[in-house]
Amino acid sequence: MDVNQPKQEHLLALKVMRLTKPTLFTNIPVTCEERDLPGNLFNQLMKDDPSTVKGAETLMLGEMLTLPQNFGNIFLGETFSSYISVHNDSNQVVKDILVKADLQTSSQRLNLSASSAAVAELKPDCCIDDVIHHEVKEIGTHILVCAVSYTTQTGEKMYFRKFFKFQVLKPLDVKTKFYNAESDLSSVTDEVFLEAQIQNITTSPMFMEKVSLEPSMMYNVAELNTVNTAGESESTFGSRTYLQPMDTRQYLYCLKPKQEFAEKAGVIKGVTVIGKLDIVWKTNLGERGRLQTSQLQRMAPGYGDVRLSLETIPDTVNLEEPFDITCKVTNCSSERTMDLVLEMCNTNSIHWCGVSGRQLGKLHPSSSLHLALTLLSSVQGLQSVSGLRLTDTFLKRTYEYDDIAQVCVVSSEVKQS
(Lines give C-alpha, C1' and ligand atoms only; values in the text may rest on other atoms or scores of the structure.)
Protein backbone atom coordinates (compact mmCIF):
# COMPACT_ATOMS: atom_id res chain seq x y z
CA MET A 1 0.00 0.00 0.00
CA ASP A 2 1.34 3.45 -0.92
CA VAL A 3 1.90 5.43 2.26
CA ASN A 4 2.70 8.71 0.47
CA GLN A 5 -0.20 11.08 0.93
CA PRO A 6 -0.92 13.64 -1.80
CA LYS A 7 0.09 17.21 -0.93
CA GLN A 8 -2.91 19.21 0.15
CA GLU A 9 -3.60 22.28 -1.95
CA HIS A 10 -4.28 25.56 -0.21
CA LEU A 11 -7.61 27.28 -0.43
CA LEU A 12 -6.02 30.70 -0.73
CA ALA A 13 -3.75 32.07 -3.46
CA LEU A 14 -1.06 34.67 -2.82
CA LYS A 15 0.00 37.10 -5.51
CA VAL A 16 2.68 39.79 -5.19
CA MET A 17 3.44 42.56 -7.68
CA ARG A 18 5.95 45.35 -7.36
CA LEU A 19 4.39 48.78 -7.76
CA THR A 20 6.50 50.94 -10.00
CA LYS A 21 6.08 53.35 -12.86
CA PRO A 22 5.13 51.71 -16.16
CA THR A 23 7.53 51.71 -19.08
CA LEU A 24 6.94 52.63 -22.70
CA PHE A 25 6.26 49.61 -24.85
CA THR A 26 8.97 48.84 -27.37
CA ASN A 27 8.72 46.72 -30.51
CA ILE A 28 11.12 45.61 -33.20
CA PRO A 29 10.14 47.15 -36.54
CA VAL A 30 10.33 44.80 -39.51
CA THR A 31 10.12 46.47 -42.89
CA CYS A 32 11.25 46.09 -46.47
CA GLU A 33 11.11 47.90 -49.77
CA GLU A 34 8.00 47.59 -51.96
CA ARG A 35 9.96 45.84 -54.70
CA ASP A 36 10.91 43.03 -52.30
CA LEU A 37 8.93 39.80 -52.23
CA PRO A 38 6.66 40.69 -49.26
CA GLY A 39 5.77 43.93 -50.98
CA ASN A 40 3.89 46.28 -48.66
CA LEU A 41 2.86 43.54 -46.23
CA PHE A 42 5.26 44.37 -43.39
CA ASN A 43 4.58 48.09 -43.60
CA GLN A 44 0.85 47.50 -43.46
CA LEU A 45 1.17 45.19 -40.46
CA MET A 46 3.12 47.87 -38.57
CA LYS A 47 0.46 50.47 -39.42
CA ASP A 48 -2.25 48.16 -38.11
CA ASP A 49 -0.31 47.41 -34.91
CA PRO A 50 -1.99 49.42 -32.09
CA SER A 51 1.30 49.73 -30.17
CA THR A 52 3.13 51.73 -32.85
CA VAL A 53 3.13 55.51 -33.21
CA LYS A 54 0.92 56.58 -36.07
CA GLY A 55 2.99 58.17 -38.80
CA ALA A 56 6.23 56.90 -37.24
CA GLU A 57 5.72 53.14 -37.25
CA THR A 58 9.43 52.38 -37.68
CA LEU A 59 10.27 53.81 -34.25
CA MET A 60 10.96 51.19 -31.60
CA LEU A 61 9.23 53.29 -28.95
CA GLY A 62 5.46 52.88 -28.90
CA GLU A 63 2.55 54.82 -27.41
CA MET A 64 1.45 52.13 -24.96
CA LEU A 65 2.63 51.64 -21.39
CA THR A 66 3.48 48.24 -19.94
CA LEU A 67 3.41 47.12 -16.32
CA PRO A 68 6.56 45.54 -14.84
CA GLN A 69 6.85 41.81 -15.51
CA ASN A 70 9.27 41.23 -12.62
CA PHE A 71 10.81 43.06 -9.70
CA GLY A 72 13.35 44.71 -12.03
CA ASN A 73 16.22 46.85 -10.84
CA ILE A 74 15.90 48.46 -7.41
CA PHE A 75 18.43 51.09 -6.43
CA LEU A 76 19.63 52.32 -3.08
CA GLY A 77 17.66 55.39 -1.99
CA GLU A 78 14.49 54.48 -3.88
CA THR A 79 11.19 53.52 -2.24
CA PHE A 80 10.26 49.88 -2.73
CA SER A 81 6.48 49.46 -3.04
CA SER A 82 4.62 46.21 -3.53
CA TYR A 83 1.00 45.11 -3.89
CA ILE A 84 0.04 41.93 -1.98
CA SER A 85 -3.21 40.15 -2.69
CA VAL A 86 -4.63 37.01 -1.01
CA HIS A 87 -7.55 35.52 -2.98
CA ASN A 88 -9.96 32.80 -1.91
CA ASP A 89 -9.96 30.39 -4.87
CA SER A 90 -12.19 27.82 -3.15
CA ASN A 91 -15.93 27.58 -2.56
CA GLN A 92 -15.47 27.58 1.21
CA VAL A 93 -15.40 30.38 3.75
CA VAL A 94 -12.05 30.55 5.51
CA LYS A 95 -11.49 32.24 8.86
CA ASP A 96 -8.79 34.00 10.85
CA ILE A 97 -6.71 35.02 7.88
CA LEU A 98 -3.40 36.64 8.81
CA VAL A 99 -1.11 38.07 6.14
CA LYS A 100 2.41 39.06 7.13
CA ALA A 101 5.11 40.65 4.97
CA ASP A 102 8.74 40.85 6.14
CA LEU A 103 11.79 42.16 4.34
CA GLN A 104 15.01 40.30 5.12
CA THR A 105 18.27 42.16 4.46
CA SER A 106 21.84 41.21 5.23
CA SER A 107 21.65 42.94 8.61
CA GLN A 108 18.02 42.99 9.76
CA ARG A 109 14.48 41.74 9.28
CA LEU A 110 11.77 44.39 8.90
CA ASN A 111 8.02 43.99 9.26
CA LEU A 112 6.28 45.85 6.42
CA SER A 113 2.69 44.79 7.08
CA ALA A 114 0.29 47.67 7.52
CA SER A 115 -1.77 45.74 10.10
CA SER A 116 -1.03 42.81 12.39
CA ALA A 117 -4.70 41.99 13.05
CA ALA A 118 -6.28 38.89 11.54
CA VAL A 119 -9.28 39.12 9.20
CA ALA A 120 -12.26 37.29 10.68
CA GLU A 121 -13.38 35.54 7.48
CA LEU A 122 -12.91 35.53 3.72
CA LYS A 123 -15.73 34.43 1.44
CA PRO A 124 -15.20 32.63 -1.90
CA ASP A 125 -13.88 34.82 -4.74
CA CYS A 126 -13.02 37.58 -2.27
CA CYS A 127 -9.57 38.90 -1.55
CA ILE A 128 -7.48 40.75 1.01
CA ASP A 129 -5.28 43.51 -0.42
CA ASP A 130 -2.36 45.34 1.11
CA VAL A 131 0.26 47.80 -0.18
CA ILE A 132 3.65 47.99 1.51
CA HIS A 133 6.34 50.66 1.24
CA HIS A 134 9.97 50.71 2.29
CA GLU A 135 12.79 53.17 1.63
CA VAL A 136 15.76 51.05 0.63
CA LYS A 137 18.82 51.92 2.72
CA GLU A 138 21.05 48.87 2.16
CA ILE A 139 22.64 47.39 -0.93
CA GLY A 140 22.86 43.68 -1.63
CA THR A 141 20.38 40.82 -1.52
CA HIS A 142 16.87 41.47 -0.16
CA ILE A 143 14.20 38.81 0.36
CA LEU A 144 10.52 39.68 0.66
CA VAL A 145 8.89 36.99 2.82
CA CYS A 146 5.09 36.79 2.57
CA ALA A 147 3.37 34.42 5.02
CA VAL A 148 -0.33 33.52 5.12
CA SER A 149 -2.11 31.60 7.88
CA TYR A 150 -5.83 30.74 8.03
CA THR A 151 -8.36 28.27 9.40
CA THR A 152 -10.58 26.06 7.22
CA GLN A 153 -14.24 25.26 7.85
CA THR A 154 -13.22 22.00 9.52
CA GLY A 155 -11.04 23.91 12.00
CA GLU A 156 -7.74 22.89 10.45
CA LYS A 157 -5.05 25.55 10.70
CA MET A 158 -3.13 26.12 7.46
CA TYR A 159 0.03 28.07 6.76
CA PHE A 160 2.25 28.78 3.74
CA ARG A 161 4.97 31.22 2.68
CA LYS A 162 6.43 32.64 -0.51
CA PHE A 163 9.84 34.21 -1.02
CA PHE A 164 10.70 36.95 -3.51
CA LYS A 165 14.40 37.62 -3.89
CA PHE A 166 15.81 40.78 -5.46
CA GLN A 167 19.04 42.76 -5.56
CA VAL A 168 19.46 46.37 -4.47
CA LEU A 169 22.08 48.11 -6.59
CA LYS A 170 24.15 51.22 -6.05
CA PRO A 171 22.90 54.06 -8.29
CA LEU A 172 25.63 56.64 -7.71
CA ASP A 173 29.34 56.67 -7.06
CA VAL A 174 30.20 59.61 -4.80
CA LYS A 175 33.78 60.76 -4.20
CA THR A 176 34.82 63.78 -2.16
CA LYS A 177 37.98 65.87 -2.00
CA PHE A 178 38.91 68.58 0.48
CA TYR A 179 41.05 71.62 -0.29
CA ASN A 180 42.33 73.76 2.58
CA ALA A 181 42.47 77.38 1.46
CA GLU A 182 44.65 79.25 3.92
CA SER A 183 43.92 82.68 2.52
CA ASP A 184 45.88 85.85 2.93
CA LEU A 185 42.79 87.77 4.02
CA SER A 186 41.56 87.42 7.58
CA SER A 187 37.91 87.55 6.51
CA VAL A 188 38.26 84.22 4.75
CA THR A 189 40.80 82.47 6.95
CA ASP A 190 40.41 78.70 7.33
CA GLU A 191 38.14 78.29 4.32
CA VAL A 192 37.58 74.70 3.23
CA PHE A 193 36.54 73.80 -0.32
CA LEU A 194 34.71 70.52 -0.85
CA GLU A 195 34.56 68.95 -4.30
CA ALA A 196 31.92 66.22 -4.69
CA GLN A 197 32.23 63.99 -7.76
CA ILE A 198 28.94 62.22 -8.52
CA GLN A 199 28.81 59.51 -11.19
CA ASN A 200 25.66 57.88 -12.56
CA ILE A 201 26.44 54.14 -12.60
CA THR A 202 22.95 53.03 -13.69
CA THR A 203 21.92 52.29 -17.28
CA SER A 204 19.43 55.15 -17.64
CA PRO A 205 19.65 58.94 -17.44
CA MET A 206 18.96 60.77 -14.18
CA PHE A 207 17.49 64.18 -13.53
CA MET A 208 19.50 65.67 -10.65
CA GLU A 209 16.84 67.48 -8.64
CA LYS A 210 19.04 68.55 -5.74
CA VAL A 211 22.63 68.15 -4.61
CA SER A 212 23.24 70.11 -1.43
CA LEU A 213 25.63 70.07 1.49
CA GLU A 214 24.18 70.16 5.00
CA PRO A 215 27.01 71.62 7.09
CA SER A 216 27.80 70.71 10.67
CA MET A 217 27.24 73.19 13.48
CA MET A 218 30.81 74.49 13.13
CA TYR A 219 30.55 75.73 9.53
CA ASN A 220 28.58 77.94 7.18
CA VAL A 221 28.37 76.75 3.58
CA ALA A 222 28.17 78.56 0.24
CA GLU A 223 27.31 76.63 -2.94
CA LEU A 224 29.52 77.44 -5.92
CA ASN A 225 27.43 75.66 -8.57
CA THR A 226 25.56 78.66 -9.99
CA VAL A 227 26.47 81.76 -11.97
CA ASN A 228 24.72 85.12 -12.06
CA THR A 229 23.39 85.79 -15.56
CA ALA A 230 21.41 88.98 -16.18
CA GLY A 231 20.55 89.23 -12.51
CA GLU A 232 19.31 85.62 -12.31
CA SER A 233 21.05 82.65 -10.74
CA GLU A 234 21.66 79.90 -13.30
CA SER A 235 23.13 76.44 -12.75
CA THR A 236 26.62 75.90 -14.13
CA PHE A 237 25.30 72.66 -15.65
CA GLY A 238 22.61 74.43 -17.69
CA SER A 239 18.84 74.39 -17.46
CA ARG A 240 18.57 70.63 -18.08
CA THR A 241 20.48 68.94 -15.32
CA TYR A 242 20.43 65.41 -16.75
CA LEU A 243 23.21 63.01 -15.86
CA GLN A 244 23.71 60.39 -18.54
CA PRO A 245 24.82 56.81 -17.68
CA MET A 246 28.47 56.67 -16.54
CA ASP A 247 28.78 60.46 -16.69
CA THR A 248 30.39 62.32 -13.78
CA ARG A 249 29.61 65.77 -12.48
CA GLN A 250 31.59 67.90 -10.01
CA TYR A 251 29.89 70.02 -7.36
CA LEU A 252 31.85 72.60 -5.36
CA TYR A 253 31.12 74.05 -1.92
CA CYS A 254 32.94 76.58 0.24
CA LEU A 255 32.80 76.18 4.01
CA LYS A 256 33.80 78.81 6.53
CA PRO A 257 34.05 78.21 10.28
CA LYS A 258 31.52 80.16 12.29
CA GLN A 259 32.90 83.13 14.17
CA GLU A 260 32.46 81.61 17.62
CA PHE A 261 34.44 78.49 16.65
CA ALA A 262 37.13 80.34 14.69
CA GLU A 263 37.86 82.71 17.57
CA LYS A 264 37.72 80.17 20.37
CA ALA A 265 41.09 78.58 19.64
CA GLY A 266 42.33 80.60 16.70
CA VAL A 267 42.17 77.55 14.43
CA ILE A 268 40.05 74.40 14.22
CA LYS A 269 42.36 71.52 15.03
CA GLY A 270 42.31 67.79 14.42
CA VAL A 271 39.54 65.86 12.70
CA THR A 272 36.42 67.95 12.19
CA VAL A 273 33.00 66.95 10.86
CA ILE A 274 32.17 68.99 7.77
CA GLY A 275 28.59 67.81 7.12
CA LYS A 276 26.80 65.45 4.77
CA LEU A 277 25.64 65.50 1.16
CA ASP A 278 21.93 65.27 0.37
CA ILE A 279 21.28 64.00 -3.19
CA VAL A 280 17.82 63.81 -4.78
CA TRP A 281 17.22 62.55 -8.31
CA LYS A 282 14.46 61.31 -10.61
CA THR A 283 14.63 58.53 -13.15
CA ASN A 284 12.29 57.39 -15.94
CA LEU A 285 8.74 58.76 -15.63
CA GLY A 286 9.56 60.63 -12.43
CA GLU A 287 10.60 57.86 -10.03
CA ARG A 288 12.29 59.61 -7.13
CA GLY A 289 15.39 58.55 -5.22
CA ARG A 290 17.30 60.10 -2.37
CA LEU A 291 20.68 59.43 -0.78
CA GLN A 292 22.41 61.01 2.17
CA THR A 293 26.08 60.34 2.75
CA SER A 294 27.53 59.68 6.16
CA GLN A 295 29.16 62.58 7.96
CA LEU A 296 32.15 63.80 5.96
CA GLN A 297 35.29 64.31 8.01
CA ARG A 298 38.31 66.43 7.22
CA MET A 299 41.70 66.61 8.90
CA ALA A 300 42.44 70.25 9.66
CA PRO A 301 45.95 71.34 8.73
CA GLY A 302 48.42 71.38 11.59
CA TYR A 303 50.06 74.70 12.35
CA GLY A 304 52.22 73.65 15.28
CA ASP A 305 52.49 75.89 18.31
CA VAL A 306 52.70 79.18 16.42
CA ARG A 307 50.83 80.11 13.28
CA LEU A 308 51.84 82.98 11.02
CA SER A 309 49.35 84.09 8.38
CA LEU A 310 49.33 87.01 5.97
CA GLU A 311 46.62 89.64 6.40
CA THR A 312 47.46 92.18 3.66
CA ILE A 313 49.95 92.28 0.77
CA PRO A 314 49.88 94.19 -2.55
CA ASP A 315 49.48 92.20 -5.75
CA THR A 316 52.09 94.15 -7.70
CA VAL A 317 55.07 96.18 -6.45
CA ASN A 318 57.86 98.24 -8.04
CA LEU A 319 61.37 96.91 -8.31
CA GLU A 320 63.65 98.07 -5.46
CA GLU A 321 60.86 100.11 -3.86
CA PRO A 322 59.71 99.32 -0.30
CA PHE A 323 56.21 97.95 0.25
CA ASP A 324 54.25 97.03 3.38
CA ILE A 325 52.65 93.78 4.48
CA THR A 326 50.67 92.86 7.60
CA CYS A 327 51.12 89.51 9.34
CA LYS A 328 49.12 87.84 12.08
CA VAL A 329 50.86 85.67 14.70
CA THR A 330 48.66 83.25 16.65
CA ASN A 331 49.58 81.21 19.72
CA CYS A 332 47.92 77.88 18.89
CA SER A 333 48.66 76.45 22.31
CA SER A 334 45.72 76.35 24.71
CA GLU A 335 47.89 76.29 27.84
CA ARG A 336 51.33 77.87 27.35
CA THR A 337 52.30 81.56 27.13
CA MET A 338 55.10 82.39 24.68
CA ASP A 339 57.75 85.12 24.67
CA LEU A 340 58.56 85.73 21.01
CA VAL A 341 61.47 87.32 19.16
CA LEU A 342 61.20 88.19 15.44
CA GLU A 343 64.16 87.72 13.09
CA MET A 344 64.09 88.78 9.42
CA CYS A 345 66.51 86.96 7.09
CA ASN A 346 67.17 88.31 3.60
CA THR A 347 67.02 86.01 0.58
CA ASN A 348 68.46 86.40 -2.94
CA SER A 349 65.49 88.54 -3.99
CA ILE A 350 63.69 89.66 -0.81
CA HIS A 351 65.26 92.22 1.55
CA TRP A 352 63.61 93.15 4.84
CA CYS A 353 63.63 96.72 6.13
CA GLY A 354 63.84 97.36 9.86
CA VAL A 355 65.48 95.88 12.93
CA SER A 356 65.84 92.11 13.10
CA GLY A 357 65.77 90.37 16.45
CA ARG A 358 63.21 92.64 18.06
CA GLN A 359 61.11 91.52 21.00
CA LEU A 360 57.39 90.94 20.32
CA GLY A 361 56.56 90.38 23.96
CA LYS A 362 54.44 87.76 25.62
CA LEU A 363 51.66 86.06 23.67
CA HIS A 364 49.00 84.34 25.77
CA PRO A 365 47.32 81.03 24.78
CA SER A 366 44.88 81.27 21.86
CA SER A 367 45.63 84.96 21.37
CA SER A 368 47.04 86.84 18.36
CA LEU A 369 49.05 89.93 17.46
CA HIS A 370 49.51 91.86 14.22
CA LEU A 371 52.85 92.84 12.68
CA ALA A 372 53.39 95.60 10.13
CA LEU A 373 56.54 94.82 8.13
CA THR A 374 58.34 96.56 5.27
CA LEU A 375 60.44 94.87 2.56
CA LEU A 376 61.61 95.29 -1.01
CA SER A 377 62.56 93.05 -3.92
CA SER A 378 65.74 93.33 -6.00
CA VAL A 379 64.58 90.88 -8.69
CA GLN A 380 61.70 91.21 -11.15
CA GLY A 381 59.02 88.58 -11.67
CA LEU A 382 56.93 86.53 -9.30
CA GLN A 383 58.84 86.46 -6.03
CA SER A 384 58.19 84.41 -2.90
CA VAL A 385 58.12 86.19 0.47
CA SER A 386 60.39 84.22 2.82
CA GLY A 387 62.84 84.57 5.66
CA LEU A 388 60.77 85.20 8.80
CA ARG A 389 61.85 83.46 12.02
CA LEU A 390 60.01 83.44 15.37
CA THR A 391 61.88 82.27 18.48
CA ASP A 392 60.18 81.33 21.74
CA THR A 393 62.68 82.38 24.40
CA PHE A 394 60.99 80.21 27.05
CA LEU A 395 61.66 76.95 25.20
CA LYS A 396 64.54 78.21 23.01
CA ARG A 397 62.58 76.95 20.00
CA THR A 398 62.69 78.64 16.57
CA TYR A 399 59.86 78.49 14.01
CA GLU A 400 60.77 79.15 10.36
CA TYR A 401 58.32 80.66 7.86
CA ASP A 402 59.19 80.57 4.17
CA ASP A 403 57.03 80.92 1.06
CA ILE A 404 54.46 82.88 3.03
CA ALA A 405 53.05 84.52 -0.11
CA GLN A 406 54.01 85.60 -3.61
CA VAL A 407 54.18 89.07 -5.10
CA CYS A 408 54.63 90.28 -8.67
CA VAL A 409 57.63 92.61 -9.01
CA VAL A 410 57.82 94.92 -12.04
CA SER A 411 60.03 97.83 -12.98
CA SER A 412 58.64 101.30 -12.29
CA GLU A 413 58.57 102.10 -16.02
CA VAL A 414 56.37 99.09 -16.78
CA LYS A 415 53.93 99.92 -13.97
CA GLN A 416 53.62 103.59 -15.02
CA SER A 417 52.97 102.71 -18.63
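Keep in mind the model is a prediction, meaning the values are calculated, not measured.
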Let me see the working for F178 and Y253 under ring pair (Phe, Tyr, Trp, His ring centres under 6.0 Å), right down to the final yes or no.
CA-CA 10 Å; F178 288 107; Y253 305 90; over 10 Å; no
Less than 3.5 Å apart, any donor N or O on the side chain of [X] or [Y] sitting next to an acceptor on the other?
X: D129; Y: S85; answer: yes
X: T326; Y: H370; answer: no
X: T176; Y: E195; answer: no
X: S81; Y: H133; answer: yes
X: Q383; Y: S349; answer: yes
X: E223; Y: S212; answer: no
X: Q244; Y: D247; answer: no

Is there a donor-acceptor pair closer than 3.5 Å between any side-chain N or O of [X] and the backbone N or O of [Y]?
X: N225; Y: L252; value: yes
X: N220; Y: K258; value: no
X: S356; Y: E343; value: no
X: N331; Y: H364; value: yes
X: Q199; Y: M246; value: yes
X: D96; Y: T151; value: no
X: S235; Y: F237; value: yes
X: E78; Y: F75; value: yes
X: S386; Y: D403; value: yes

Shortest non-hydrogen separation from [X] to [Y] and the atoms involved:
X: L319; Y: S411; answer: CB-CA, 4.1 Å
X: P257; Y: Y219; answer: N-CD2, 3.6 Å
X: A101; Y: N111; answer: O-OD1, 3.2 Å
X: D402; Y: G387; answer: OD1-N, 3.0 Å
X: P314; Y: F323; answer: CG-CD1, 3.9 Å
X: V385; Y: I350; answer: CA-CG1, 4.4 Å

Ring centers of F166, F80 separated by less than 6.0 Å:
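Yes; F80 has its ring centre under 6.0 Å from that of F166.
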From CA spacing to verdict: side-chain hydrogen bond (donor to acceptor under 3.5 Å, both in side chains), T391, T398
CA-CA 4 Å; T391 301; T398 300; 3.2 Å; yes
Does the pair R288 and E209 meet the rule for a salt bridge (charged side-chain N to carboxylate O under 4.0 Å, His left out), with working shown?
CA-CA 9 Å; R288 195 169 183 265; E209 185 174 295; 3.8 Å; yes
List the steps, then state whether side-chain hydrogen bond (donor to acceptor under 3.5 Å, both in side chains) holds for H134 with T79.
CA-CA 5 Å; H134 174 67; T79 298; over 6 Å; no
Check Q167, Q104, K165 against T141 for a side chain to side chain donor-acceptor pair (under 3.5 Å) and give me the one that passes.
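The single option meeting the side chain to side chain donor-acceptor pair (under 3.5 Å) with T141 is Q167.
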side-chain contact (heavy atoms from CB on, under 4.5 Å) between V174 and L277, worked out
CA-CA 10 Å; V174 181; L277 287 169; 4.0 Å; yes
Could you give me the CA-CA distance, side-chain angles and deciding distance for I279 and I198, then say whether side-chain contact (heavy atoms from CB on, under 4.5 Å) is met?
CA-CA 10 Å; I279 307 170; I198 300 177; 3.8 Å; yes
Does NZ or CZ of R389 come closer than 6.0 Å to the centre of the six-membered ring of Y399, within 45° of the ring's axis?
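Judged by the rule, R389 and Y399 form no cation-pi pair.
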Ion pair R336/D392, N-O distance below 4.0 Å:
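Answer for the salt bridge query: yes.
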Using a strict threshold of under 4.0 Å (side-chain N to carboxylate O), is an ion pair present between D339 and K362?
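No salt bridge links K362 with D339.
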Verify side-chain contact (heavy atoms from CB on, under 4.5 Å) between V131 and I84, making sure each step is shown before the conclusion.
CA-CA 6 Å; V131 176; I84 299 175; over 6 Å; no
Within 6.0 Å of CZ in F160, more than 12 heavy atoms from elsewhere
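Result for CZ/F160: enclosed.
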Around atom CG of N348, are there more than 12 heavy atoms from other residues, nucleotides or ligands closer than 6.0 Å?
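Atom CG in N348 is not packed in, count stays at 12 or less.
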Separation between CG of L390 and CG of L360, rounded to the nearest 0.5 Å
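So the gap between those two atoms works out to 6.5 Å.
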Could you go step by step and tell me if L371 and V329 meet the side-chain contact (heavy atoms from CB on, under 4.5 Å) rule?
CA-CA 8 Å; L371 297 175; V329 179; 3.8 Å; yes
